[in-house]
Structures are given as structure tokens and as C-alpha cells.
Asker: 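Once you've had a glance at the structure underneath, I'll fire off some questions.
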Amino acid sequence: MDAVIATALRFGDNAMVLGQRLGRWVSRSPTIELDVGFANQALDLIGQANLFYELAGRLEGKGRSADDLAFLRGADEYYNVQLVEQPNGDFAQTVMRQVLYAAYADIVFDFMAKGSNDDLAAIAAKGQKEMAYHFRHAGEWVIRLGDGTEESHARSQKALDFLWPWSHELFAYDAVDEKMVRQDVLPDAETIKKQWMESLGEVFERAGLIINEDGWQPGGGREGVHSEHLSYLLTEMQVLPRTYPGTQW
Amino acid sequence: MDSKQLEAFDSHVAGEGKVEPKDWMPDNYRQTLIRQISQHAHSEIIGMQPEGNWISRAPSLRRKMILLAKVQDEAGHGLYLYSAAETLGVSRGEMDQALLSGKAKYSSIFNYPTLTWADAVAIGWLVDGAAITNQIPLCRCSYGPYARAMVRVCKEEAFHQRQGFEGMMALAKGTSEQKAMAQGALDRWWWPSIAMFGPPDDDSPHSAQSMAWKIKRFSNDELRQKFIDMAVIQAQALGLEIPDPDLKLNEETGHWQTGPIDWDEFWAVVKGKGPCNRQRMTHRRKAHDEGAWVREAAMAFANKQQQKSEKAAA
Amino acid sequence: MSQDQTEQEWPLFEVFIRSKQGVSHVHAGSLHAADARMALENARDVYTRRNEGCSLWVVPSAAVTASSPEEKGAFFEPSESKIYRHPTFYDVPDDVECL
Ligand SMILES: [Fe+2]
Ligand SMILES: [Fe+2]
């Protein structure tokens, strides 16, 4: 697959899956204000997915629409990192997943927006502002919970311990990514990881949380290898277009 | 109560004067508004559930975004209204408790299920359509904060009904399966939607006083008729059939007349016997209870920060 | 639900929005938040979903000192009689431009 198409699909899928996850919180959040906030973030992400998919479909030239790409691919054709498909868990786990991904996407999009591919740059420029806000919002919640009550601290540390192994995949570049680095579309893995650790380090320090590295580094999302969770997520999301093929809604 | 004060209040309001939070007002006026505004807010919040039920399964990216934005607006409406009610001296915590304990009511319509995608769409068309009919006159309510909140709400509601109608159109003009889905939804939502305006005028005890106080501008039956006239024409445009064999145009009045509304069903649902009353309340309570540790943590954090900054200042 | 008897309610904040550069912040409503930063973010999410603003203020409601309706007369009526503060008080010939 062409590297630009692959990249568009990967970031589209990251956004799609994470957006689908966040949408679930609407009407279930700890406060109504957070219902509104989660809906906003889900909308940002689904909007990004839509743009990345339109681009991928156009470049691919097989007439697949953004909806076709979202609703008619199975889990093994989804290329998101496994981090974003991890379950919502409790509120601590959701904001932790959000801070890990948003810090990363903020940095990548910032680079991509100034990068050599104009199509990706336009989407990234919009996405970067959104992800910077998600990082700020989730980061503040991680700090509040980490430095809140004993219970919220314990839940936050547990969330970090649970999610940390999946963060490695963000930086596990393959040949497609390397090509994008050479073409000045993506920053190299070392650079992002360093910046990412800096952004998060400050959050974790203020939250009083520690990173427990245990050496497990699951991955494979870029090649369509996923945890069991993704197929359930897609089954639910895709039920109508799959049940009524070729139908307009 | 000072009768002069009351007289002055009544004539101020009768002359379309507005009332603001710190102004003197009869206790009954205050209590009526607290009840009405908080019930309205609760309805917005519970109302997120039946449509929210389809967010994860919306059939296209566009529909998913529209539905998310719409349900999000309803949460916003709930918040604007809670904030308006708070200016009358009731706290958000008290209102939350009243809802969670089952003491406060919310619009009964949300105690019906959304069984298919078309139900979620039909809510936008019919329930939001009915809500707008109800809410536009409230923009001129005598109580300032409520009127202002309603101006904001009505601006946003315009998009809700339009997206609902557009969504119904896509179904009604779609495949035979989609059309059946749309008709099924209309069959399920028609009667609850027209019952949503509340009991008929001769059975509506609070109405006269609310009218005098300019909280209410039109009677339940007047509003219901407005909505029916509109919805019948829209259903015709969609090519869907309203599930009422007695429905006919009254040539004299120019209004559409429906068959008898089943008020027994209406009251049964109000009293908790609708298909989803328990489910909606369980859902709301679960969100509230599971969020308790989060709200507590945020408060603990804020208190700690405050202590820190006080120490630094000392 | 005994926990709610002890749950400390989040404080109330008043929200002010500047709709565009060049105009004042206008009161939009209120909301609850545990701290000021959260209040800003909640205000952004709740009150500016449709590009209603380019700048936000949040102020703890408890910090607002309001004049009371009983003082309305004393506060505001004196200015009603001072019509010389308003430009229409002055009779000027219609044909002088730029006035
Ligand atoms: Fe609403
Ligand atoms: Fe609505």
C-alpha cells in the first residue's frame, strides 16, 4: 500500500476508534459538563477520521467513500494502535488513555502540518489544535485525580499501569513510517518520544504518578493485528451498513 | 404576604414586565418556576438516553456526528436550565437529588424505547418538533433567566428538528426496509408525542395561574393543535401514515382533528409504568453513583490547591 | 444515596463571553466546577459550541456583589433626571455636519 494512504488510514483509524470509545461516555459521565466535553472530543476525532478517510479513499482511487472505509472494513483491516481500542474502564482509565494518545497526536500533527504532504498537512493543522486541547483537558484531569483523594490516586496509578504497555506501540515505526520520515511527513520516532515524555513527565509529576516499566510491549496495530476488543467495537459500530448493504442513510 | 406588594407584582407582570432573580416575587411564583424549570432540565438530561442509545450504531459518519452534536446540545440545555433554576434559590445538588430519588418528574416521552435507528431519528422530528412548539412561547416568559435560557435553547433546537426530518426523509425515500423502519417509528412515537403537551385544558389545574403570571402563554390544547397541524403536513410530505384512523381535517376550523388520546396510558407512564421508566432512572443513578469518586477527587484537589496558595500568601 | 448528603457541591461560576474582538464580555449563564480552570473548560464546552466566543471569563458567583432591588430607586433614579448627559438633549442646527 502507498505510504501516504497507509498513513492516512492509520491516523484515521486511531481517531475513529478513539472517537467511538469516547462517544460511549455521553450520558454516563461523572458530571453533565463532562458529557458535553466527551461529546466534543468524540466529534473532533470522528471529524478527523472523516477527513483522513476521504483522503485515503481519493488517493486509493477505487471509489471507496469515507463511510465505506469506516463501516466496511473488518478488524484486520483497521490499522490503529492498540492503545486507542482499550476499553473505557473507569473515568481514570479513559482520561489516562486520552492523555497518552493526545500528547502523541499533538506532537505528530504539529510536525505533519508543516510537513511536505499538503493533503495530510491540512488535516493535521486542524487536528493539532484539537489534540492540544484534548491533552490539556485530559492532563488536568489526570493531575486532579492523581492528587485528589486516596481512591482517585489509586485508580489513576492503576490506569497508568494498565495502559502503559500499549504506549510503546506509538513509537514502533515500520517501513511505512520510515518512508514518511524520509519524506518529511512524520517526525522520527526518537524525537516524538522525547517530546512526548517531556509533556507527560510534567503531568505525571504533578499527579504524583509513577511509570512502572514491566517490559511488555504489545503491538501490531499498524499491520491490522489487534486485541480482542476491536472486533466488538466494530461489530457494534458497523451493524446497520453491514445488515443493509448499499443503503443510503 | 404584603397584599400591596402582590398587587404591584401582578400588575407589573400583567404589563409584560420582567422579573429578575433578586426582585420580590410571590412564593407561589417562585415554587412554580422552580418546579417547571427543574422538570424541564431533568427532561433534557433523561432525554439524552433514548437517542444516545444509537450514537455507537449510527449508520454513517455524518449521522454519527449529527447525533453526537444533538445529544450534546440536550446536555447543554439541561445545564442552561439548571443554572436558570438556581437563580431562584434552589441548588443543583437539591435538583439532582430530586431527580435521582424519583421525587421530581421529567417528560414522560423519554420512557419509550428506541428500538430501531428510525426511532432515534423520529425523536428529532417529532419530540423536538413538539418541544419547539412548547418552548418558543417560553422565550417571552416573565422570569428573565428562564426566558434567556430558552432563547439560547430555541436557537439550538431549530437544528434538531430539521436534522430529524431530514433523517426521516432519507428513510422514507429509501429502501422498502428503511421505509418500514420509518413507519414503525412513527407508529410508536405519534401518540406519545401529542400526549407530550400534557393533559387537556379542562384537566390542567395549574394552567390559569401560570397564564396570568406570563409563565405560560398558550394552553396545552392550543399548543398540541399547533403541533398536530404541522406534523400532519410533514408526515404527508414524507409519505408516511399517521396511526390514527379518525384523523381528519376540520373544514370549518382548518385544523386537523385526531381521535381520542389514551390518557390512561399517559398517566400510567407518568406514574412509572412506561416501558423504560426504570431503565432511564437506573442509567441516571448509575452515572451519578459511579461518578461520585471523581467529583469528590476534583473537590479535594481544589481544596488542596487553595490551601497551598493560602500558605504561600501567608 | 447517603453519600450525597456529605458530597460537597462544586462552587458556582458566572460565565462571560466576548463574542468577537471589539465588544465587551457579556454574561451568558453560570455553571459548576471544582476549580477555575475546570470552569473555563466547562464554559468553553457548554457555552461556546457554536463559535459564540473568542474570549471567556469565569468568575466565582460568590465574588459578585450585586445591588439589591430595594436600592434600585436610590441607585438609578437620580440619573434619570440628568437628561443633559444624553446627546439628544442638545438642539443643534441640522445642517452642521459631523455632529
Ligand atoms: Fe433540548
Ligand atoms: Fe432538542
Side-chain angles (χ1 to χ4, degrees), chain A residues 16 19-40 42-43 46-47 49-50 53-54 65-67 69-71 90-92 95 140-141 143-153 155-156 233 236-244 246-249, chain B residues 41 44-49 51-65 67-76 78-79 82 92 96 116-117 121 167 170-171 173-175 177-178 181 283-284 286-288 290-305:
Chain A
M16 186 71 243
Q20 177 77 359
R21 282 278 187 242
L22 291 187
R24 177 77 187 167
W25 276 101
V26 177
S27 83
R28 294 180 176 84
S29 306
T31 66
I32 311 291
E33 288 82 351
L34 281 165
D35 281 334
V36 180
F38 276 130
N40 262 350
L43 280 168
I46 296 165
N50 191 31
Y53 289 159
E54 276 175 359
S65 68
D67 280 337
L69 289 169
F71 293 95
D90 61 5
F91 180 74
V95 291
E140 279 173 11
W141 270 107
I143 293 167
R144 279 187 201 104
L145 298 180
D147 191 17
T149 60
E150 228 171 90
E151 179 180 6
S152 68
H153 178 83
R155 284 175 184 260
S156 304
L233 180 145
E236 183 179 3
M237 183 175 107
Q238 298 176 339
V239 62
L240 285 169
R242 296 273 197 192
T243 311
Y244 305 98
T247 299
Q248 296 299 307
W249 301 91
Chain B
E44 302 280 358
I45 300 307
I46 298 291
M48 295 167 69
Q49 291 180 37
E51 285 173 286
N53 182 36
W54 283 89
I55 289 174
S56 66
R57 293 172 293 168
S60 71
L61 292 173
R62 180 167 173 271
R63 292 282 170 215
K64 194 188 280 290
M65 290 192 271
L67 188 59
L68 263 167
K70 200 243 167 199
V71 175
Q72 177 190 46
D73 274 351
E74 307 301 4
L79 290 171
Y82 282 130
R92 173 78 177 275
D96 287 347
T116 70
W117 165 249
V121 176
L171 296 173
K173 309 279 177 226
T175 64
E177 281 157 319
Q178 284 176 305
M181 214 185 263
H283 182 117
R284 189 69 234 131
K286 187 162 182 265
H288 182 83
E290 287 179 355
W293 70 270
V294 176
R295 297 189 299 274
E296 215 175 284
M299 208 57 248
F301 175 79
N303 290 339
K304 275 191 218 173
Q305 293 300 108

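Below, chain A is the first sequence line, B the second, and so on; all start at residue 1. What you are looking at is a predicted structure, and each value in this text was computed from that prediction instead of being measured.
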Asker: Is the shortest heavy-atom distance from the side chain of Arg62(B) to the side chain of Asp67(A) under 4.5 Å?
Answerer: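 No, their side chains stay 4.5 Å or more apart.
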Asker: Provide the closest heavy-atom pair for Gly23(A) versus Leu68(B) in the form atom of the first, atom of the second, distance.
Answerer: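 In terms of heavy atoms, the two residues are closest at CA-CD2, 4.3 Å.
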Asker: With a 4.5 Å cut-off on heavy-atom pairs, point out which of Asp147(A), Asp90(A), Asn40(A) contacts chain B the most.
Answerer: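 So the answer, after comparing Asp147(A), Asp90(A), Asn40(A), is Asp147(A).
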Asker: Identify the heavy atoms of Ala297(B) and Leu145(A) that sit nearest to each other, and give their distance.
Answerer: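 Closest approach of Ala297(B) to Leu145(A), heavy atoms only: CB-CD2, 4.0 Å.
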Asker: What distance do Ser152(A) atom OG and Arg295(B) atom CZ have between them, rounded to the nearest 0.5 Å?
Answerer: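 Going from the OG atom of Ser152(A) to the CZ atom of Arg295(B) covers 13.5 Å.
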Asker: Using a 4.5 angstrom heavy-atom cutoff, name the option from Ala58(B), Ser60(B), Ala300(B) with the most pairs to chain A.
Answerer: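 Max contact count across the listed options: Ser60(B).
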Asker: How far does CZ of Phe91(A) sit from CD of Glu290(B), to the nearest 0.5 angstrom?
Answerer: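 Going from CZ on Phe91(A) over to CD on Glu290(B), the span is 13.0 Å.
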Asker: Shorter than 4.5 Å, heavy atoms on both sides: which option in Ala302(B), Gly291(B), Pro59(B), Ala75(B) has the most such pairs with chain A?
Answerer: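 Going by pairs under 4.5 Å, I would pick Pro59(B).
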Asker: Just wondering, more than 12 heavy atoms not from Lys286(B) lying within 6.0 Å of its NZ?
Answerer: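 No, the 6.0 Å shell around NZ holds no more than 12 heavy atoms from other groups.
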Asker: Could you tell me if the side chain of Trp117(B) sits less than 4.5 Å from the side chain of Leu240(A), heavy atoms only?
Answerer: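 Answer yes - side chains close enough.
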Asker: I'd like to know which of Glu150(A), Arg144(A), Met16(A) tops the heavy-atom pair count under 4.5 Å against chain B.
Answerer: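 Winner by heavy-atom pair count: Arg144(A).
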Asker: Atom CD1 in Ile32(A), atom CD1 in Ile45(B): separation rounded to 0.5 Å?
Answerer: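 If I round to the nearest 0.5 Å, the distance is 4.0 Å.
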Asker: Need one label for Ala49(A): side chain, backbone, both or neither, based on atoms under 4.5 Å from any heavy atom in chain B.
Answerer: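 Neither; nothing under 4.5 Å.
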Asker: Which answer fits Ala66(A), side chain, backbone, both or neither, if we ask what part of it has an atom under 4.5 Å from a heavy atom of chain B?
Answerer: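 Both parts, backbone and side chain.
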Asker: Compare every heavy atom of Phe71(A) with every heavy atom of Leu61(B), then report the nearest pair and how far apart it is.
Answerer: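 What the structure gives for the nearest pair is N-CE1, 3.5 Å.
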Asker: Could you report the tightest heavy-atom contact between Val36(A) and Gly76(B), atom names first, then the distance?
Answerer: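 Result for this residue pair: CG2-N, 4.1 Å.
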Asker: Just checking, any donor-acceptor pair under 3.5 angstrom between side chains of Gln20(A) and Lys64(B)?
Answerer: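 The criterion, which ignores hydrogens and geometry beyond distance, is satisfied for Lys64(B) and Gln20(A).
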Asker: Find the one option among Thr243(A), Val239(A), Thr149(A), Val26(A) whose heavy-atom pairs under 4.5 Å with chain B are most numerous.
Answerer: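 So the answer, after comparing Thr243(A), Val239(A), Thr149(A), Val26(A), is Thr149(A).
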Asker: So which residue, Ala39(A), Ala42(A), Ser27(A), ends up with the most heavy-atom pairs under 4.5 Å with chain B?
Answerer: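 Among the listed options, the one with the most contacts to chain B is Ser27(A).
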Asker: Hey, mind stepping through Trp249(A) and Leu171(B) against side chain to side chain contact (heavy atoms under 4.5 Å, CB included) and telling me if it holds?
Answerer: CA-CA 7 Å; Trp249(A) 301 91; Leu171(B) 296 173; 3.8 Å; yes
Asker: Relative to chain A, which segment of Gln305(B) carries a heavy atom at a distance below 4.5 Å: side chain, backbone, both, or neither?
Answerer: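 Only the side chain of Gln305(B) comes within 4.5 Å of chain A.
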Asker: Please rank Gln248(A), Met237(A), His153(A) by heavy-atom pairs under 4.5 Å with chain B and give me the top one.
Answerer: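 So the answer, after comparing Gln248(A), Met237(A), His153(A), is Met237(A).
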Asker: How far apart are the closest heavy atoms of Met65(B) and Leu43(A), and which atoms are they?
Answerer: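 That would be O-CD2, 3.3 Å.
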Asker: Tell me, side chain or backbone of Arg242(A) under 4.5 Å from chain B's heavy atoms, or both, or neither?
Answerer: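 Arg242(A) has no heavy atom closer than 4.5 Å to chain B.
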Asker: Enumerate the residue pairs fulfilling salt bridge (charged side-chain N to carboxylate O under 4.0 Å, His left out) with a member in residues 20-38 of chain A, sequence neighbours excluded, ordered by first and then second residue.
Answerer: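 Salt bridge (charged side-chain N to carboxylate O under 4.0 Å, His left out) check on residues 20-38 of chain A returns Glu33(A)-Arg92(B).
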Asker: Given heavy-atom pairs under 4.5 angstrom as the criterion, report whether the side chain, backbone, both or neither of Leu233(A) touches chain B.
Answerer: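 Neither; nothing under 4.5 Å.
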Asker: Please look at Trp141(A) and chain B and tell me whether the side chain, the backbone, both or neither of the residue comes under 4.5 angstrom of a heavy atom of that chain.
Answerer: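 Answer is side chain: those atoms of Trp141(A) sit under 4.5 Å from chain B.
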Asker: With chain A, which of His283(B), Gln49(B), Glu296(B) has the greatest number of heavy-atom pairs at distances under 4.5 Å?
Answerer: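 Of His283(B), Gln49(B), Glu296(B), His283(B) has the most heavy-atom pairs under 4.5 Å with chain A.
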Asker: Given that the side chain runs from C-beta out, which part of Arg63(B) has a heavy atom under 4.5 Å from chain A: side chain, backbone, both or neither?
Answerer: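 Side chain only.
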Asker: Strictly by modelled atom types, are Glu236(A) and Ser56(B) linked by a side-chain donor-acceptor pair under 3.5 Å?
Answerer: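 Side-chain D/A pair, Glu236(A) to Ser56(B): present.
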Asker: Identify which part of Tyr53(A) has an atom lying under 4.5 Å from any heavy atom of chain B, answering side chain, backbone, both or neither.
Answerer: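 Contact with chain B: side chain only.
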Asker: By ring pair (Phe, Tyr, Trp, His ring centres under 6.0 Å), which residues pair with Tyr82(B), not counting sequence neighbours?
Answerer: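 His42(B).
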Asker: If I measure from the heavy atoms of chain A, does Gln72(B) come under 4.5 Å with its side chain, its backbone, both, or neither?
Answerer: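 Both backbone and side chain of Gln72(B) come within 4.5 Å of chain A.
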Asker: Hey, what do you get for CD (Glu177(B)) to OH (Tyr244(A)), rounding to the nearest 0.5 Å?
Answerer: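 Spacing of CD (Glu177(B)) from OH (Tyr244(A)) equals 5.5 Å.
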